[in-house]
Amino acid sequence: MNDGFICMPVKKETVLFESFNGKDVSDNPLAIYKQLLSDDPGARNRCYFSVKPSEYRKLSELYPDIQFVKRFTPGWVKYIARADFWVMNSRMPKWWKKNSQTTFIQTWHGTPLKKLGVDIANVEIPGSTTAEYHQEFVDEAARWDYLIAPNQYSHDIFKSAFKYAGRFLDIGYPRNDVLYSENTPEKIATIKQKLFGFQPKQVVMYAPTWRDDSFSEKGQYKFNLPFDLNEFFKRVSPDTMLVIRPHYLVKDRIDISGYEDRVRIFADVDINQLYLITDLLITDYSSVMFDFANLERPMLFYPYDLIHYRDQLRGFYFDYNQDNLPGPMAQSTDEFYQDLKDYTDHGSFTDFSTNLEAFNRKFCSWENGQASEKVSQLILQGGKRNE
């Protein structure tokens, strides 16, 4: 499974983590890092997070106990070249060759709804053909020693989309462990107090997917709420807070004027913290539906641009229709407002309890709060050397 070479021996038990190409410290790599330190506190001195130089100062202040290395700098080279393990949730540039003694644990970052890798029929990226894009995914996957899958559905898609022939860790997502370990009234109250400064009785989160064509000009992105805040609050209880979870590129372009006391925009908060306090999730095609399903709480789907998104922007793996969704699907504002009122009147979507159970069985059956521990033990036991 290696395209690498031996330029020098690896430093045993050293681990290099990276989240989203060094943009953040989050997701599955962070969950595994925390578990590794819990299992072996001494590992702190052997673990490093690779981050973009532009993010180094901010992340160093946010996580003062983590050792950081600036991505693609000379100092980074000595760590990446000799790390015993790489733990990453996105691709590593092809030009960097992996030491053949390094074990690469690819965690990926979501259950796929939209087409991935070689399954994307037409790729429109300047300077790259569809064939070249596909081959990059195939070459990258050939470097992975392990690939984490959150469910059988993802396992099968990853195998196809990445042409992956290596070893799977069919264990669920490490980042979702907290949805089991911290799903308690005490923890939820603590998170609410931290985020709001008080205890709202009900929290509704709107978490839409990123739209590839959501820009006004190159580098300038836009975001318009597909519902009216005044109409929204007419149909929910007076003690409801609305949380909006946008893409970071549009977090400063959302107009909540007049509703600052009832709406919060949280683009940078750990989304698992938001899941835990959310009573009702509103989304469209975002993979948040698969993670939130672990909590077995109500979801409302508002794919107001379904035909455009499905047929012109990205193809789907998942048969996205009302029969397969774990909650009602509204395609107009009238339907959306009526579904909100139904939820407020009944506290749930009673007609969709069977759908939610089936959805949970399909996408969450491998999740049990122990994924991070399994990866941590794999690392502590030396990974592939002990196989």
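In this text the structure is predicted, and so the values were computed from the model without any measurement. Values reported hereafter were calculated over all heavy atoms of this structure, with side chains retained and with hydrogens, waters and symmetry mates removed.
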Which pair of heavy atoms, one from [X] and one from [Y], lies closest together, and at what distance?
{"X": "Tyr275", "Y": "Leu295", "value": "O-CD1, 3.4 Å"}
{"X": "Ser90", "Y": "Trp108", "value": "CA-CZ3, 4.3 Å"}
{"X": "Gln273", "Y": "Val269", "value": "CB-CG1, 4.3 Å"}
{"X": "Met92", "Y": "Ile80", "value": "CE-CD1, 3.9 Å"}

Could you pull out all donor-acceptor pairs under 3.5 Å where a side-chain atom in residues 183-191 meets a protein atom, sequence neighbours excluded?
| residue | atom | partner | partner atom | Å |
| --- | --- | --- | --- | --- |
| Asn183 | OD1 | Arg297 | NH2 | 2.9 |
| Thr184 | OG1 | Lys187 | N | 3.2 |
| Thr190 | OG1 | Glu186 | O | 3.0 |

For [X], what residues pass the salt bridge (Lys or Arg N to Asp or Glu O under 4.0 Å) criterion, not counting sequence neighbours?
{"X": "Asp177", "result": "none"}
{"X": "Arg264", "result": "none"}
{"X": "Lys194", "result": "none"}

Please assess Leu169 against Leu147 for the test side chain to side chain contact (heavy atoms under 4.5 Å, CB included), listing each intermediate value before the final yes or no. CA-CA 6 Å; Leu169 296 175; Leu147 173 58; over 6 Å; no
Compare all side-chain heavy atoms of [X] with those of [Y] and state whether any distance is below 4.5 angstrom.
{"X": "Pro226", "Y": "Tyr302", "value": "yes"}
{"X": "Ile277", "Y": "Phe196", "value": "yes"}
{"X": "Thr107", "Y": "Pro174", "value": "no"}
{"X": "Asp24", "Y": "Val51", "value": "no"}
{"X": "Asp65", "Y": "Arg44", "value": "yes"}
{"X": "Val243", "Y": "Thr278", "value": "no"}
{"X": "Glu367", "Y": "Pro150", "value": "yes"}
{"X": "Ser332", "Y": "Tyr304", "value": "no"}

Walk me through whether Leu113 and Ser287 qualify under side chain to side chain contact (heavy atoms under 4.5 Å, CB included). CA-CA 7 Å; Leu113 170 65; Ser287 63; 5.7 Å; no
Listed by chain and number, what are the side chain to side chain donor-acceptor pair (under 3.5 Å) partners of [X], not counting sequence neighbours?
{"X": "Gln106", "value": "none"}
{"X": "Tyr343", "value": "Gln202"}
{"X": "Glu231", "value": "Lys234, Arg235"}

Verify the distance criterion only: is there a donor paired with an acceptor across the side chains of Thr209 and Lys114 at less than 3.5 Å?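 Short answer, yes.
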Side-chain donor-acceptor pair under 3.5 Å between Asp270 and Ser26, yes or no?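 Absent: no donor and acceptor within the cut-off.
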Indicate, with yes or no, if [Y] and [X] share a hydrophobic cluster defined by side-chain heavy-atom contacts under 4.5 Å among Ile, Leu, Val, Met, Phe, Trp and Tyr.
{"X": "Leu179", "Y": "Trp366", "value": "no"}
{"X": "Ile265", "Y": "Val204", "value": "yes"}
{"X": "Tyr173", "Y": "Phe20", "value": "no"}

Only pairs at least two apart or in different chains count here, so list each salt bridge (charged side-chain N to carboxylate O under 4.0 Å, His left out) that has a residue in residues 327-352.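 Sorted pair list: Lys341-Asp345.
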Walk me through whether Asp84 and Lys11 qualify under salt bridge (Lys or Arg N to Asp or Glu O under 4.0 Å). CA-CA 6 Å; Asp84 201 358; Lys11 290 187 176 181; over 6 Å; no
Do NZ/NE/NH1/NH2 and the carboxylate oxygens of [X] and [Y] come within less than 4.0 Å?
{"X": "Glu61", "Y": "Lys58", "value": "no"}
{"X": "Asp170", "Y": "Lys374", "value": "no"}
{"X": "Arg46", "Y": "Asp40", "value": "yes"}
{"X": "Arg71", "Y": "Glu55", "value": "no"}
{"X": "Asp27", "Y": "Arg175", "value": "yes"}
{"X": "Asp145", "Y": "Arg167", "value": "yes"}

Let me see the working for Ser50 and Glu18 under side chain to side chain donor-acceptor pair (under 3.5 Å), right down to the final yes or no. CA-CA 5 Å; Ser50 166; Glu18 188 176 279; 2.7 Å; yes
What pairs with Tyr337 under ring pair (Phe, Tyr, Trp, His ring centres under 6.0 Å), at least two apart in sequence or on another chain?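 For Tyr337 there are no ring pair (Phe, Tyr, Trp, His ring centres under 6.0 Å) partners, ignoring immediate neighbours.
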side-chain contact (heavy atoms from CB on, under 4.5 Å), paired with Leu280, selected from Leu300, Val203, Val236: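 Considering Leu300, Val203, Val236, a side-chain contact (heavy atoms from CB on, under 4.5 Å) with Leu280 is found only for Leu300.
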Are [X] and [Y] close enough that their ring centers fall under 6.0 Å?
{"X": "Tyr48", "Y": "Phe68", "value": "no"}
{"X": "Tyr285", "Y": "Phe316", "value": "yes"}
{"X": "Phe49", "Y": "Tyr33", "value": "yes"}

In the hydrophobic cluster built from side-chain contacts under 4.5 Å, what are the other members alongside Val118?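 Val138, all in the cluster of Val118.
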How are the rings of [X] and [Y] set relative to one another: parallel (under 30°), tilted (30 to 60°) or perpendicular (over 60°)?
{"X": "Tyr164", "Y": "Trp144", "result": "tilted"}
{"X": "Phe318", "Y": "Phe290", "result": "perpendicular"}
{"X": "Phe162", "Y": "Phe158", "result": "parallel"}

What do you reckon, is CG of Asn122 surrounded by more than 12 foreign heavy atoms closer than 6.0 Å?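 No.
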Return the set of residues passing side chain to side chain contact (heavy atoms under 4.5 Å, CB included) with Thr130 (not counting sequence neighbours), or none when no residue passes.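 Thr130 satisfies side chain to side chain contact (heavy atoms under 4.5 Å, CB included) with Val123, His134 once adjacent residues are dropped.
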With sequence neighbours excluded, residues passing side chain to side chain contact (heavy atoms under 4.5 Å, CB included) with Asn151: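 Counting only residues at least two positions away or on another chain, Asn151 forms a side chain to side chain contact (heavy atoms under 4.5 Å, CB included) with Thr111, Tyr153, Ser154, Phe363.
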List the steps, then state whether side chain to side chain donor-acceptor pair (under 3.5 Å) holds for Trp86 with Thr103. CA-CA 6 Å; Trp86 293 353; Thr103 299; over 6 Å; no
Give the C-alpha distance, both sets of side-chain angles, the deciding distance and a yes or no for side chain to side chain donor-acceptor pair (under 3.5 Å) between Asn89 and Asn28. CA-CA 7 Å; Asn89 72 350; Asn28 292 312; over 6 Å; no
Check: Asn21 side chain, Arg91 main-chain N or O, donor-acceptor pair, under 3.5 Å: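 Looks like yes, one N/O pair under 3.5 Å.
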Can any side-chain N or O of Tyr317 pair as donor or acceptor with the backbone N or O of Leu116 at less than 3.5 Å?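 Looks like yes, one N/O pair under 3.5 Å.
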Kindly determine whether Glu357 and Arg361 satisfy side chain to side chain contact (heavy atoms under 4.5 Å, CB included), including the steps that lead there. CA-CA 6 Å; Glu357 291 172 4; Arg361 284 196 303 273; 3.9 Å; yes
